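Working notes for the structure below.
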Amino acid sequence: MSREHNHLVIMAGGVGSRFWPMSTPECPKQFIDVMGCGRTFIQLTVDRFEGVVEPQNVWVVTSEKYAGLVKEQLPQVPEGNILLEPCRRNTAPCIAYVAWRIKKQDPQANLVVAPSDHLVLNPEEFRKVVLRALDFTAETDAIVTLGMKPTRPETGYGYIQADHSAASLRNKGIFRVDSFREKPNLETAKEYIKHKEYYWNSGIFVWSVNTIVNALRIYQSEIADIFENLLPVMGTSKEQAAIDKEFPKCPNISIDYAVMEKADEIFVMPADFGWSDVGTWGSLITLANRDAQGNAVVGENVQLYETRNCMVHTSQERRVVIQGLDGYIVAEKDNTLLICKLSEEQRIKEFSA
């Protein structure tokens, strides 16, 4: 299939600071190098789409306050493809804005919508999966979400229940969605794991631009009307002023509630490419390389003695010596040092206030 109409949409407006002190409201998670690999999450997101989407077809929807960070970290993305939300209105208005904008430029566009702050450990397999999904949506009116094969009873993710008896005739590896499930408690998550039809909801969506625009017209006419009326100024010098005025009128609603749980042609494509949303220090330690004592270290000059099961993130070339800790986060950025029990990291928001 031709790739010229493939577009990548990156949602990068989040303000999460769960990786404080590394991340802050001024420089949230998607713009920092949490993995210590020399690339930020948003840069890694673009990197994994090499060969799938051309640079001129990469779009970033973000907050006005992060425009400078996006331009600095993604210089290959055309400035006109960086769309600025004047306020936060969740994912449905975000997706609607960029969908109408792309539709005006490329009516045959085929879109992948992805968060800016997730991790993929096997980019090659990721590209294969995404290309198969794009080929599918280019030929159908389907909405496809990527479902991750669960490896544990995770309570921090939503789940997708697939109907394995209803595989697509065009692609036997794609199934109709039976239902979407909210983040479960532990007992429910354990039950999901027992049944092979449940998958983690990755928040990665694939659809043609016409499919998502039509779905929004049907299920969210209030949002659709706003961007339909803005179409004449999109791509012009008047676009930002018009968006600043009209975007705040959009309801605050996720694409899951707005469309995914209402539409009929919803499919899930099961996949396994080492995905994680890396939402906490605790999740990071499970993904990082650990020593024999269970410690994960990001930093060049760290010495550990009698220390176990710790997440140490010290990237600013300081000598760090730790003795006698078990199950702690040790993280520093600029003039802030955090030492916190991994079991109590939910309190980090309280500490960072």
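Values in this document were obtained by computation on a predicted structure and should not be read as measured data.
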Among all residues two or more places apart in sequence or in another chain, which pass the salt bridge (charged side-chain N to carboxylate O under 4.0 Å, His left out) test with [X]?
X    : answer
E197 : none
E79  : K71
E50  : none
E85  : none

Look at the side chain of T45 and the backbone N and O of S116, then say whether any donor-acceptor pair between them is shorter than 3.5 Å.
yes
Any luck finding a side-chain donor-acceptor pair between Q73 and T40 under 3.5 Å?
yes
Can you tell me if N185 and T188 form a side-chain donor-acceptor pair at under 3.5 Å?
yes
Looking at F19 versus W281, is the centre-to-centre ring distance below 6.0 Å?
yes
Should we say atom CZ of R319 is surrounded by more than 12 heavy atoms from elsewhere, each under 6.0 Å from it?
no
Can you list every salt bridge (charged side-chain N to carboxylate O under 4.0 Å, His left out) pair that touches [range], not counting sequence neighbours?
range            : answer
residues 223-232 : R217-E228
residues 29-46   : K29-D117, R39-D47
residues 170-181 : E139-R170, R176-E265
residues 294-310 : none

Which pairs pass side-chain hydrogen bond (donor to acceptor under 3.5 Å, both in side chains) with one or both residues in residues 237-251, sequence neighbours excluded?
Y97-E239, R101-E239, Q240-D244, E246-K249
Residue list, ring-ring contact (aromatic ring centres under 6.0 Å, His included) with Y219, at least two apart or on another chain:
none
In the hydrophobic cluster built from side-chain contacts under 4.5 Å, what are the other members alongside V321?
Y305
Which of parallel (below 30°), tilted (30 to 60°) and perpendicular (above 60°) describes F31 and Y66?
tilted
Among all residues two or more places apart in sequence or in another chain, which pass the side chain to side chain donor-acceptor pair (under 3.5 Å) test with N210?
K103
